[in-house]
J.: 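Mind looking over this structure? Questions follow.
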Amino acid sequence: MLGAVQLGLFAAGVVLFVPMGMAGWHLSRNKMLFFSCALFITLAVGVHLVPYFPSVTSFLSSGSGSDSSSSVIVNRDSCFSLLHQVAFDFQELSNNSKRGSWKWIESENVVDCDFQKLTKNDASDLLNGSWVVVAGDSQARLMVVSLLELLLGESKMEIIKKDLFLRHSDYNIFVDEIGMKLDFLWAPYMSNLTNLIMEFKEKKSYPDVFVMGAGLWDMLHVNNASEYGVSLKSLKDSVVLLLPVSSAFANGDGSGTNNVVPVRSPNLFWLGMPKLISSMLKTDEKREKMNDVMWQAYNDELYRSKLLQQSGGSLLLLDVHSLSNKCGADCTSDGMHYQGAVYEAAVHIMLNGLLIESNQKL
């Protein structure tokens, strides 16, 4: 590098001083013309020398681009944090019940993020050709209901609801119009989710969108937050298997080759537990075990596990607790399952998360 700089300086000296000396002899009677020629030659030499000084080049090239790129990153992260800024309204029904609806609040920051309630066509375009897996308990099933209501419409939903709500069972559907496959997998315990990920790994087949969540059954039937935390950390370790890897690792052949298999990383979401209203729960066992103190203990373990993006993990939280808490007691009849507006909001938060992640705009 030093030799190149020295050669450049020597060449610059020749280019600069020889013409200037010759021009000076001829232009001694016209000083203005002499200095104009000298300035032109100096600038020309400077242009040729810049590549020999990378620090100068990087300084010039970083002037405007760095600010815009960092601004995009900041906006992206801040918009993720604002996805749950929603409010609920209620309509009085003839039977003295209330029907909830939702919208994003209209604060300046939220408006800047341009969140959208996607139409059927918009959501279909976004999920076109995708494989979507939603795994978990009844909360996950209600999430699937809201997603399919958006994609299929009410009339088609009435046809499939009976099969979708078969107790403690899986459900799958292929939406021909957009080539989307959706699987709901009944997985109420953490171990079910971990086993499911291992199955994906063994088959070398991964969904494009994977929504998972479990905790309510563990809280009711195990009721041990520490054990739940251990299971979460095990799940976090298994989630690493869903990330893109080299061909040698992916194939397990130990060949040591450096070729990379183009494995697309799935979009991962964690479906949080809802707000539990103990006084409305239907059994004494639920009221005893599924209280605010136990919910908080389970939620603390979730953040300690570092599974979520907010704590350095890979999964974006769909905060059903925040949504259901905002909707309130008027949105539930049993203290844990809420009206469709809560899960509809969760679906649109997920879809807008996908838009942010892919930097798409409809």
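One-based numbering along the sequence shown. As the structure is a computational prediction, the values presented were derived from the model and not from experiment.
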J.: Has the side chain of S305 got a donor or acceptor atom that lies under 3.5 Å from a matching backbone atom of K233?
T.: no
J.: Please name the pair of heavy atoms, one in I277 and one in A329, separated by the smallest distance, quoted to 0.1 Å.
T.: CD1-CA, 3.8 Å
J.: Using modelled atom types only, decide if a donor and an acceptor are shared between the side chain of D330 and the backbone of C327 within a distance under 3.5 Å.
T.: no
J.: Between F200 and W131, is the gap from one ring center to the other below 6.0 Å?
T.: yes
J.: Show every donor-acceptor pair shorter than 3.5 Å between a side-chain atom in residues 217-230 and any protein atom, with sequence neighbours excluded, or say none if there are none.
T.:
residue : atom : partner : partner atom : Å
D218    : OD1  : Y298    : OH           : 2.6
N223    : ND2  : M219    : O            : 2.7
N223    : ND2  : K289    : O            : 3.4
N224    : OD1  : S226    : N            : 3.1
N224    : OD1  : E227    : N            : 3.0
Y228    : OH   : A214    : O            : 2.6

J.: Is a donor on one side and an acceptor on the other found under 3.5 Å between the side chain of H84 and the backbone of D319?
T.: yes
J.: Check side-chain hydrogen bond (donor to acceptor under 3.5 Å, both in side chains) between N128 and all other residues, then give those that pass, not counting sequence neighbours.
T.: none
J.: For E344 and Q339, indicate whether the former's side chain and the latter's backbone hold a donor-acceptor pair under 3.5 Å.
T.: no
J.: So, does Q139 use its side chain to make a donor-acceptor pair with the main chain of Y343 at under 3.5 Å?
T.: no
J.: Short question: side chain of D208, backbone of V132 - any donor-acceptor pair under 3.5 Å?
T.: no
J.: Can any side-chain N or O of K201 pair as donor or acceptor with the backbone N or O of S238 at less than 3.5 Å?
T.: no
J.: Of L232, L318, V320, which meets side chain to side chain contact (heavy atoms under 4.5 Å, CB included) against W270?
T.: L232
J.: Tell me whether the count of non-hydrogen atoms from other residues, nucleotides or ligands lying under 6.0 Å of CD in E154 goes above 12.
T.: no
J.: Compile the donor-acceptor pairs under 3.5 Å between side chains in residues 186-198 and protein atoms, sequence neighbours left out, one pair per line.
T.:
residue : atom : partner : partner atom : Å
N192    : OD1  : Y189    : N            : 2.9
T194    : OG1  : M190    : O            : 3.3
N195    : ND2  : S191    : O            : 3.2

J.: Between S124 (side chain only) and I178 (backbone N and O only), is there a donor and an acceptor less than 3.5 Å apart?
T.: no
J.: Taking atom NZ of K306 as the centre, report whether more than 12 heavy atoms of other residues, nucleotides or ligands fall under 6.0 Å from it.
T.: no
J.: Just by distance, do the side chain of S324 and the backbone of H321 share a donor-acceptor pair under 3.5 Å?
T.: yes
J.: Spell out, as yes or no, whether a donor-acceptor pair under 3.5 Å connects the side chain of N352 to the backbone of Q116.
T.: yes
J.: Using a strict 4.0 Å threshold on nitrogen-to-oxygen distance, state whether K156 and E177 make a salt bridge.
T.: yes
